[in-house]
Protein chains: 2
Amino acid sequence: MGQNHKRVTIYDVAKKAGVTAATVSRVINGKTNVAHETKERVLKAIEELNYYPSPLAAGLHSHQSNQIGILVPFFFGEFFYKVLSHISQVIPFPYELVLYDAATPEIKSRTIQKIFGEKKLNGLIVISLPLLKEEAFLAMQSELPLVLLDNVHPSFPSVYFDNVMGMFHATQHLTKMGHKRIALINGAHEDPFHLAVAKNRHEGYRLALDMAKIPFDPDLVFVNDWSRQGARFLTHKILKMKNRPTAIMATSDLQAVGVLEACQEAGVAVPDEISVVGYDDMDFADFFGLTTVQQSFQTIARIALDMLVQAMNHPGSKPEQVALIPTVVVRKTTKALE
Amino acid sequence: MGQNHKRVTIYDVAKKAGVTAATVSRVINGKTNVAHETKERVLKAIEELNYYPSPLAAGLHSHQSNQIGILVPFFFGEFFYKVLSHISQVIPFPYELVLYDAATPEIKSRTIQKIFGEKKLNGLIVISLPLLKEEAFLAMQSELPLVLLDNVHPSFPSVYFDNVMGMFHATQHLTKMGHKRIALINGAHEDPFHLAVAKNRHEGYRLALDMAKIPFDPDLVFVNDWSRQGARFLTHKILKMKNRPTAIMATSDLQAVGVLEACQEAGVAVPDEISVVGYDDMDFADFFGLTTVQQSFQTIARIALDMLVQAMNHPGSKPEQVALIPTVVVRKTTKALE
DNA sequence: ATGAAAGCGCTAACAC
DNA sequence: GTGTTAGCGCTTTCAT
């Protein structure tokens with residue numbers, strides 16, 4: 001049971017192959033200046049001894065762990081899950097993924113300090129989280145490549161879903177169908193991390209209204225948390241309004257489902273009596289026939305990694321900003337006004 | 001822009017504090033044999049230099065990276081997301097989480113070989129994946145502590161949700177309400193990883209039938225993939241049966257939703273004309289009023305980490321097996337037979 | 001309580 | 001093409 005098998009090192013391989021450690025190292029790292037026949041011998045020895053180079057020892061030299069960090073606020077549910085899952089699918093060999101959970105802004109800051117203090121990662125992807133000034137400063141001092149995903153900062157490569165445009169298109173889908181009284185159910189503007197989602201989506205909504213020359217009516221804007229229950233509650237209020245809106249634009253699918261739920265409870269037919277639009281196109285949106293806003297997680301993951309690799313290979317290259325414009329998926333909860 | 005600030009090492013701290021590296025090391029690692037006053041000076045120097053010990057260098061000595069690995073088949077959707085999220089909440093200081101994606105059985109094997117070859121992790125949690133004989137052998141040779149989550153192996157600490165019992169209780173909920181013709185919609189028995197879920201859930205179903213002295217009818221068992229669409233398709237067939245079942249037991253909520261969908265399409269009222277039970281209690285189950293089987297992710301994560309810490313601190317202690325018995329959440333898709 | 005020195009496993013000049 | 005040698009930054013006996 002678990003005998004203390006002594007660790008096999010590069011020297012064991014060297015001895016077995018009748019060469020020195022340097023040569024073994026050359027083989028491992030694919031250097032070209034090794035005789036073909038020697039290389040074969042070394043490879044055979046590696047195989048036979050089942051040798052795995054110590055990443056710790058190799059890393060001590062290069063100051064690199066061959067790991068890419070992912071900093072993320074864990075509560076993001078399906079959104080986060082999808083991003084992470086796609087990242088893990090496109091992460092280039094031989095990098096490993098280290099997960100850092102920014103449960104609170106304090107933990108986030110401490111984690112960032114540690115990451116840039118230790119400098120062992122080959123790269124870092126920060127998801128959804130904005131960088132505070134000090135944090136950005138730290139990152140800029142460092143050689144550790146950083147890219148932002150679902151967020152922007154002028155000093156770092158960033159890919160993000162354009163929330164303003166996404167919401168603009170979604171709302172415009174409604175205005176183009178003749179809707180003029182469009183209620184907005186938004187998530188909280190204030191959150192511990194100071195995310196810009198709520199603000200941006202609000203802005204997109206306003207933009208579409210302006211474009212359609214519909215005066216903005218503050219009484220049509222409702223804010224709550226991002227929950228289904230919150231939206232359900234608000235919808236009941238909306239449905240009771242004297243001059244009831246003909247459409248409800250929600251800032252997330254979860255909320256949109258709450259809206260649907262309330263409509264059903266109140267006996268208001270969707271889309272015949274009221275149109276409903278969500279945001280996110282989560283797995284269940286299709287089931288509900290929900291018209292919503294779709295974002296490509298695969299694309300954002302791929303671009304983030306491309307940017308990171310670019311930054312790792314060409315340090316100092318100037319940071320690109322890429323906005324991904326979400327598209328509207330029209331399903332069955334929206335209908336043109338007669 | 002990113003000047004090459006030279007890395008601050010333990011020697012810099014030592015010099016600044018007027019001691020040697022050994023003393024600084026003692027302070028960092030909380031050894032007691034350091035004069036209080038010296039310790040203060042060292043701490044101050046660390047602070048002022050903003051020193052972070054190199055985990056790579058420290059690790060070269062201990063052969064440890066202070067990281068815990070998580071090996072997981074990424075496609076598990078909400079299930080996986082919840083487990084991971086809870087694990088990240090209970091992971092003890094100062095460990096980091098390294099994510100290994102076992103996209104295919106081959107990648108899984110290779111990853112396991114690498115992990116046990118490199119031996120740098122302090123521990124490994126394998127989620128949902130069964131261990132092949134060679135893999136288990138590798139792990140047993142090694143000192144690297146391993147725990148299985150959502151799976152069992154006699155040689156390793158394991159925590160898992162008891163699928164047999166979960167399904168047993170769910171089915172029994174139905175039999176107790178007088179249902180005798182209960183269709184089973186199961187996921188595929190065969191999958192690349194040879195998971196035991198489908199088999200176990202089938203067994204639980206059988207067990208409840210036996211217990212209620214209901215003869216097993218193979219014509220009532222339907223198998224497809226785990227998808228909503230698959231279940232929807234099967235349900236349409238079920239609803240057309242001459243002697244239609246009075247209840248459908250699905251092996252996942254996703255499938256249960258497909259069942260609900262088909263019932264609605266066919267104009268069959270749930271639960272009045274047919275009862276439906278799901279499995280998983282996903283976020284949306286509540287919305288659908290779905291009667292289903294609930295599992296505590298928080299508990300499974302906590303226990304897995306406890307076991308891992310135990311194994312790390314007391315190598316050689318004998319592996320425990322913990323089965324978590326899921327409970328049935330009764331909502332509105334099930335009803336007693338008149 | 002603190003310092004000196006060896007060594008963890010690998011890499012990279014620099015020789016030959 | 002291959003060997004020699006000197007670190008990388010930290011920990012840990014062993015002295016004192």
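Note on naming: letters A, B, ... go to the chains in the order of the sequence lines (proteins, then strands), and numbering restarts at 1 for each one. Because the structure is a prediction, the values reported are computed rather than measured.
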Next item on the list: Go through the side-chain N and O atoms of B:Ser128 and B:Asp150 and say whether any donor and acceptor fall under 3.5 Å apart.
Entry: yes
Check: How large an angle, rounded to 10°, do the end axes of the helix from C:dA1-D:dT16 to C:dC16-D:dG1 enclose when each is built from five base pairs?
Finding: 30°
Next item on the list: Please determine if A:Lys16 and A:Glu47 form a salt bridge, counting it only when a charged side-chain N lies under 4.0 Å from a carboxylate O.
Entry: no
Next item on the list: Inspect the contact between B:Lys44 and B:Glu48 and indicate whether a charged nitrogen and a carboxylate oxygen are less than 4.0 angstrom apart.
Entry: yes
Item checked: Aromatic ring proximity, centroids under 6.0 angstrom, B:Tyr51 and B:Tyr11 -> no
Check: Going 5' to 3' along DNA chain D, which nucleotides are the first and last within contact of chain A (any atom under 4.0 Å from a heavy atom)?
Finding: D:dG1 to D:dG9
Margin query: Over 60° means perpendicular and under 30° means parallel, so tell me whether A:His86 and A:Phe297 are parallel, tilted or perpendicular.
Written below: parallel
Notebook entry, point to check: How about A:Tyr95 and A:Gln67: does a side-chain donor come under 3.5 Å of a side-chain acceptor?
Noted result: no
Note to self: Is the distance between the ring centroids of B:Phe116 and A:Tyr52 under 6.0 Å?
What the structure shows: no
Note to self: Is it the case that the side chains of A:Ser54 and B:Glu118 hold a donor-acceptor pair, with the cut-off being a distance below 3.5 Å and no angle test?
What the structure shows: no
Notebook entry, point to check: Is B:Gln89 reaching over with its side chain to a backbone N or O of A:Ala103, donor-acceptor style, under 3.5 angstrom?
Noted result: no
Checklist line | Footprint string (nucleotides 9-16 of chain C, 5' to 3'): B base within contact, S backbone only, - free, heavy atoms under 4.0 Å | finding: BBBBB---
Check: Is B:Glu78 paired with B:Lys82 through a side-chain N to carboxylate O contact shorter than 4.0 Å?
Finding: yes
